[in-house]
Trainee: 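Pasting a structure below so you can have a look.
Positions are given from 1, in the same order as the sequence printed here. Only heavy atoms go into these numbers, but all of them, side chains included; no hydrogens, no water, no symmetry mates.
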Amino acid sequence: FQVIENIENLSHLDSLFLGTNKITKLQNLDGLASLTVLIIQSNCITRIEGLQCLMNLRELYLSHNGIEVIEGLENNKKLTTLDIAANRIKKIENISHLTELQEFWMNDNQIENWGDLDELKNAHSLETVYLERNPLQKDPQYRRKIMLALPTVRQIDATFIRF
């Protein structure tokens, strides 16, 4: 397995790309206070943790990992993009404080409860939501229910909303 290491002195680093590295744990990121973009897709991460010091983070890409629970984002209030697609998540939770979210990528998970969308109600600039290939998508009213729950959304999955 691979470990994130030897980066604690990169305090002015703006973006970090660690995709496809067999990384198993989010760690040793505390010194990256200036980080605004963290791309860590296609690894072996099972928990969202170790991000509490990244208060300037705007974009977080965690797709194609083994994450089961949305957690550990309490201090990442500036997030505008959250990509947690293709994980093992059953519930949208612990993100109601992410009021600056504009893009939420949650496709290819196990979301089945429409009430979970309430977690996104405080994101008044939310424009893009990806929820395809979740159990929710089997609902014949899928697009309509997303539009009603999240009126600011302009794009559902790859399709723009026509008015």
Trainee: Thinking salt bridges, do E112 and K138 make one under a 4.0 Å N-O criterion?
Mentor: no
Trainee: Between V37 and L29, is there a shared hydrophobic cluster once you connect ILVMFWY residues whose side-chain heavy atoms come closer than 4.5 Å?
Mentor: no
Trainee: Which heavy atom of S34 sits nearest to which heavy atom of S11, and what is that distance?
Mentor: OG-O, 2.9 Å
Trainee: Looking at side-chain heavy atoms only, is the closest gap between L10 and L16 below 4.5 Å?
Mentor: no
Trainee: Can you measure from CD (E127) to OG1 (T80) and round to the nearest 0.5 angstrom?
Mentor: 10.5 Å
Trainee: Contact between R58 and E100 at the side-chain level, heavy atoms closer than 4.5 Å - yes or no?
Mentor: yes
Trainee: I'd like to know if L120 and W114 are part of one continuous hydrophobic network [Ile/Leu/Val/Met/Phe/Trp/Tyr, side-chain heavy atoms within less than 4.5 Å].
Mentor: yes
Trainee: Just how far is it from atom CG of L60 to atom CG of L98, taken to the nearest 0.5 Å?
Mentor: 9.5 Å
Trainee: Report the C-alpha distance between L131 and Q137 in whole Å, list the side-chain angles of each, state the deciding distance to 0.1 Å, and finish with yes or no for side chain to side chain contact (heavy atoms under 4.5 Å, CB included).
Mentor: CA-CA 7 Å; L131 287 165; Q137 196 184 17; over 6 Å; no
Trainee: Are K90 and Q110 linked by a side-chain donor-acceptor pair shorter than 3.5 Å?
Mentor: yes
Trainee: For side chain to side chain contact (heavy atoms under 4.5 Å, CB included), just list the numbers for I7 and L13, CA-CA rounded to whole Å, side-chain angles, deciding distance to a tenth of an Å, and then say yes or no.
Mentor: CA-CA 9 Å; I7 59 170; L13 193 68; 5.9 Å; no
Trainee: Measuring only between side-chain heavy atoms, which start at C-beta, is L117 closer than 4.5 Å to V129?
Mentor: no
Trainee: Just wondering, are more than 12 heavy atoms of other shown residues or ligands nearer than 6.0 Å to CD in E8?
Mentor: yes
Trainee: What pair of heavy atoms forms the shortest contact from M147 to I156, and how long is it?
Mentor: CG-CD1, 3.7 Å
Trainee: Indicate whether any N or O donor in one side chain lies under 3.5 Å from an N or O acceptor in the other, for Q41 and S63.
Mentor: yes
Trainee: Could you please spell out the steps behind the side chain to side chain contact (heavy atoms under 4.5 Å, CB included) verdict for L150 and F104?
Mentor: CA-CA 12 Å; L150 305 169; F104 182 65; over 6 Å; no
Trainee: What's the shortest heavy-atom distance between H124 and T152, and which atoms?
Mentor: O-CG2, 3.4 Å
Trainee: Run the numbers on N122 and S96 for side-chain hydrogen bond (donor to acceptor under 3.5 Å, both in side chains), then give the verdict.
Mentor: CA-CA 6 Å; N122 298 331; S96 60; 4.5 Å; no
Trainee: With side chain to side chain contact (heavy atoms under 4.5 Å, CB included) as the test, would you mind laying out the steps for I70 and E119 before giving the verdict?
Mentor: CA-CA 11 Å; I70 304 172; E119 278 289 309; over 6 Å; no
Trainee: Does the pair E71/R47 count as a salt bridge with the N-to-O cut at 4.0 Å?
Mentor: yes
Trainee: With rounding to the nearest 0.5 Å, note down the distance linking CD1 in I161 to OG1 in T128.
Mentor: 9.5 Å
Trainee: Mark yes or no for whether D30, through its side chain, and C53, through its backbone, hold a donor-acceptor pair below 3.5 Å.
Mentor: no
Trainee: Over all heavy atoms of both residues, which pair between T159 and R143 is shortest? Give the atoms and the distance, please.
Mentor: CB-NH1, 3.6 Å
Trainee: Using only atom types and a distance under 3.5 Å, with no angle test, would you say the side chain of N21 pairs donor to acceptor with the backbone of G19?
Mentor: yes
Trainee: Which heavy atom of N134 sits nearest a heavy atom of D108, and at what distance?
Mentor: ND2-N, 3.9 Å
Trainee: Working to the nearest 0.5 Å, report the span between CG of N65 and OG1 of T24.
Mentor: 10.5 Å
Trainee: Determine whether a donor-acceptor pair (N or O, by modelled atom type, separation under 3.5 Å) exists between the side chain of D14 and the backbone of L35.
Mentor: no
Trainee: Please name the pair of heavy atoms, one in L32 and one in L54, separated by the smallest distance, quoted to 0.1 Å.
Mentor: O-CD2, 3.2 Å
Trainee: Same cluster or not: I39 versus M106, using hydrophobic residues (I, L, V, M, F, W, Y) connected whenever any side-chain heavy atoms lie under 4.5 Å apart?
Mentor: no
Trainee: Considering the options W105, Y130, Y142, which one meets the side chain to side chain donor-acceptor pair (under 3.5 Å) requirement together with D157?
Mentor: Y142
Trainee: Hey, could you give me the CG/CG distance between L101 and L73, rounded to the nearest 0.5 Å?
Mentor: 9.0 Å
Trainee: Report yes or no: does N87 contribute a side-chain atom to a donor-acceptor pair with the main-chain N or O of A85 at less than 3.5 Å?
Mentor: yes
Trainee: Contact between K77 and H97 at the side-chain level, heavy atoms closer than 4.5 Å - yes or no?
Mentor: yes
Trainee: Could you tell me whether the side chains of N113 and K91 share a donor-acceptor contact shorter than 3.5 Å?
Mentor: no
Trainee: Answer whether the closest heavy-atom distance between the side chains of L51 and N75 falls below 4.5 Å.
Mentor: no
Trainee: Kindly state each residue pair satisfying ring pair (Phe, Tyr, Trp, His ring centres under 6.0 Å) with at least one member in residues 15-67, sequence neighbours excluded.
Mentor: none
Trainee: So L82 and N76, do their side chains get closer than 4.5 Å, heavy atoms only?
Mentor: no
Trainee: Quick one: OG1 on T81 to CG on L57, what's the gap to the nearest 0.5 Å?
Mentor: 10.0 Å
Trainee: Quick one, E103 and D83 - any side-chain contact, counting heavy atoms below 4.5 Å?
Mentor: no
